[in-house]
Amino acid sequence: MSPSTSILLTNVRVFDSSGSEPYAGEVLITGERIAEVRRGSGDLPRDGVRVVDGRGQFLMSGLCDAHTHFSWTNSADLPGLGTLGVEEHTLLSARSAITYLNCGYTMCVGAASAKPRLDVVIRDAINDGLLAGPRYLANCQEIAVTGGALVDGITAFADGPEEMRKRVRTNVALGADLVKLSMSGEEITGNQHAEDNYFSDEEVLAATTEAHRRGLRVCTHARSAESVKMSLRNNVDIIYHASFVDEEGLDMLEARKDEVFVAPGLNWLVATLKDAAAFGYPPEAAEAAGYRRELECAIAGLREMRRRGIRVLPGGDYGFAWTPHGTYARDLQHFVELLGYTPMETLLAATRLGGEIMRMPDELGQIKPGFYADLILVDGDPLKDITVLQNRDKIVGIMKGGVFHKDPDHGTTENVPDVADQPIVVNA
């Protein structure tokens, strides 16, 4: 849908993601973009413009999830993602995309797809206006070396530099924006440990060189200290997790802090310890596997990253049984309560840094003239209570590209049920 009229949002508290405190103001939207932003009210034109009274509510950029899995289906049976029919899987992935937008997320970075083309198909459907969803960077299946797959049925394999180059070329041919390397383990597998490292420098360098040559970026599942450093030595763009980063790795991150992003996916660790019992993985098992220690190490490392000014973004690993779709803003609470970020810093990480990781720093993630009108209107103050963003009823307006997905005058979203309305559990 294309915007057909100018819209004036007046009587709003504008949080523009510049780092300044919010202020009373109004925002004029023409077409897909923000035309003007003013402090106070009454200065911007009203003739021929739809005027929306924000009733003093909090206006901010839409949020970014930097580690997204549309094709995870809230299931505890991950191998089942590999056997699920492609037609059903496509529909379920579409529902995940709608859920993100319904929760106020207008930017998402794909962190792996369970089937080769799922992400690409959903991204293209969103871009073509066939499906409601956030702006999206698509990935394909994560790439592992032989013996290093976390889940066989949803993994692509490559061994040695030449096979890595071929896998990257496959992502290019399928139309992906990204490549993901699964470099370290995951304790819940029972035999693939978080402190393992499965790749060689030659393999990672082959992947990044080929990807960058073709305009794609590379992200890594890198929990171990060595996998983080290997990612940095070989020009990876986005590092996921980094739970066991050491001092050398922190120094390397700091040296490349203007080039690299970290998205820890912290809620996976928290929820695996606290919320997985109902799905057959009690806290005792999680602690015995090492998740308590990993969480403590991750918190310490991420606090140091914050101190050093490394770009860390919230979001990640939603779509598992105990990290269900629709609960994405839990990560924002973890940034404040566990990592020592202020609410202001957290919102900046989820908005302005979102524009940066989406490669559109001058068009997304801030409320400024010329930026896309991707906005949310919140009945509450996230700077005082960051958890308000977990309550969808409090997100009273959602706009993407100058069009209301959720209209604050009507209080409804497009008439499409999403995952939070009717939770998906497939093959569980």
Side-chain angles (χ1 to χ4, degrees), residues 66-73 78 81-94 96-97 107-131 133-146 148-183 198-222 231 234-240 261 263 319 357-360:
H67 183 160
T68 300
H69 297 294
F70 282 163
S71 56
W72 283 198
T73 61
L78 290 184
L81 294 176
T83 58
L84 182 63
V86 67
E87 297 87 356
E88 292 86 352
H89 214 155
T90 304
L91 292 172
L92 296 175
S93 299
S96 299
M107 302 175 276
C108 287
V109 180
S113 175
K115 291 182 173 63
R117 293 185 63 242
L118 282 177
D119 261 17
V120 172
V121 167
I122 299 301
R123 180 204 62 199
D124 291 349
I126 293 169
N127 290 347
D128 291 342
L130 302 176
L131 174 69
R135 300 181 192 275
Y136 193 56
L137 298 179
N139 216 317
C140 295
Q141 291 173 304
E142 61 185 14
I143 301 168
V145 299
T146 300
L150 303 182
V151 183
D152 283 347
I154 61 174
T155 303
F157 291 92
D159 292 297
E162 187 55 35
E163 287 190 11
M164 288 292 164
R165 280 188 281 270
K166 289 181 179 178
R167 279 295 174 191
V168 169
R169 290 167 184 162
T170 297
N171 281 34
V172 173
L174 293 176
D177 302 295
L178 301 160
V179 174
K180 183 177 180 188
L181 308 180
S182 186
M183 294 177 63
Y198 302 122
F199 275 62
S200 68
D201 280 290
E202 293 78 9
E203 288 168 327
V204 181
L205 184 59
T208 58
T209 301
E210 186 67 17
H212 293 162
R213 189 173 71 83
R214 303 297 296 272
L216 277 65
R217 286 182 294 169
V218 178
C219 51
T220 54
H221 172 99
S231 297
N234 296 291
N235 305 317
V236 162
D237 305 284
I238 302 169
I239 296 175
Y240 290 134
F261 299 91
I357 200 171
M358 293 290 291
R359 299 181 110 172
M360 299 176 71

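Scope of the values below: all heavy atoms of this structure, side chains included, with no hydrogens, waters or symmetry mates. Along the sequence shown, residues carry numbers from 1. Bear in mind that the values here come from a model prediction, so they are computed numbers and not experimental data.
In this pair, H69 and W72 present their aromatic rings parallel. The plane angle is below 30°, not in the 30 to 60° band.
Summarising the geometry, atom CE belonging to M358 is positioned 11.0 Å from atom CZ belonging to F261; distances are rounded to the nearest 0.5 Å. Between K115 atom NZ and L81 atom CG the span is 7.0 Å, to the nearest 0.5 Å. The structure places OG of S113 at 7.0 Å from CD of Q141, a figure rounded to the nearest 0.5 Å. Rounded to the nearest 0.5 angstrom, L131 CG and D124 CG are separated by 11.0 Å. Taking CG of L205 as the start and CG of N235 as the end, the distance is 7.0 Å to the nearest 0.5 Å. With rounding to the nearest 0.5 angstrom, the CD atom of E202 is 11.0 Å from the CE atom of M164.
Side-chain contact of N234 with T208: a donor-acceptor pair under 3.5 Å is absent, judged by distance alone.
Applying the side chain to side chain contact (heavy atoms under 4.5 Å, CB included) test to C219 and every residue at least two apart in sequence or in another chain returns N139, K180, I238, Y240. With sequence neighbours excluded, the residues satisfying salt bridge (charged side-chain N to carboxylate O under 4.0 Å, His left out) with R213 are E210. Checked against side chain to side chain contact (heavy atoms under 4.5 Å, CB included), R167 has the following partners two or more places apart in sequence or in another chain: I143, A156, A158. Annotation: side chain to side chain contact (heavy atoms under 4.5 Å, CB included) contacts of D177 (sequence neighbours excluded): R123, L137, A138. Y136 pairs by the ring pair (Phe, Tyr, Trp, His ring centres under 6.0 Å) definition with F70, not counting sequence neighbours. A search for side chain to side chain contact (heavy atoms under 4.5 Å, CB included) contacts involving A149 returns A144, D152, T155, F157, not counting sequence neighbours.
Annotation for R165: atom CZ counts as buried by contact number, over 12 foreign heavy atoms lying within 6.0 Å.
Between the side chain of E163 and the backbone N or O of G160 there is no donor-acceptor pair closer than 3.5 Å. Between the side chain of N171 and the main chain of A176, no donor-acceptor pair closer than 3.5 Å is present. No donor-acceptor distance shorter than 3.5 angstrom exists from the side chain of S231 to the backbone of V236, with no hydrogens or angles considered.
Of all the heavy atoms in S93 and I122, the pair that sits closest is CB-CG1, 4.0 Å. Of all the heavy atoms in C140 and L174, the pair that sits closest is SG-CD1, 3.8 Å. The heavy-atom pair separating C108 from P134 by the smallest distance is SG-CG, 3.7 Å. Here the closest non-hydrogen pair linking V109 and A66 is CB-O, 3.6 Å. Considering every non-hydrogen atom in both G215 and R359, the closest pair reads O-NH1, 3.4 Å. Scanning both residues, T73 and L92, for their nearest heavy atoms gives CG2-CD1, 3.9 Å.
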Next on the checklist: The test is side chain to side chain contact (heavy atoms under 4.5 Å, CB included); show your working for H89 and S71 and say whether it passes.
Outcome noted: CA-CA 7 Å; H89 214 155; S71 56; 3.6 Å; yes
Item to check | Verdict with supporting geometry, L181 and E203, side chain to side chain contact (heavy atoms under 4.5 Å, CB included) | outcome: CA-CA 10 Å; L181 308 180; E203 288 168 327; over 6 Å; no
Next on the checklist: For M107 and M360: C-alpha separation, side-chain torsions, deciding distance, then whether side chain to side chain contact (heavy atoms under 4.5 Å, CB included) applies.
Outcome noted: CA-CA 11 Å; M107 302 175 276; M360 299 176 71; over 6 Å; no
Next on the checklist: L150 vs L78, test: side chain to side chain contact (heavy atoms under 4.5 Å, CB included). Steps then yes/no.
Outcome noted: CA-CA 10 Å; L150 303 182; L78 290 184; over 6 Å; no
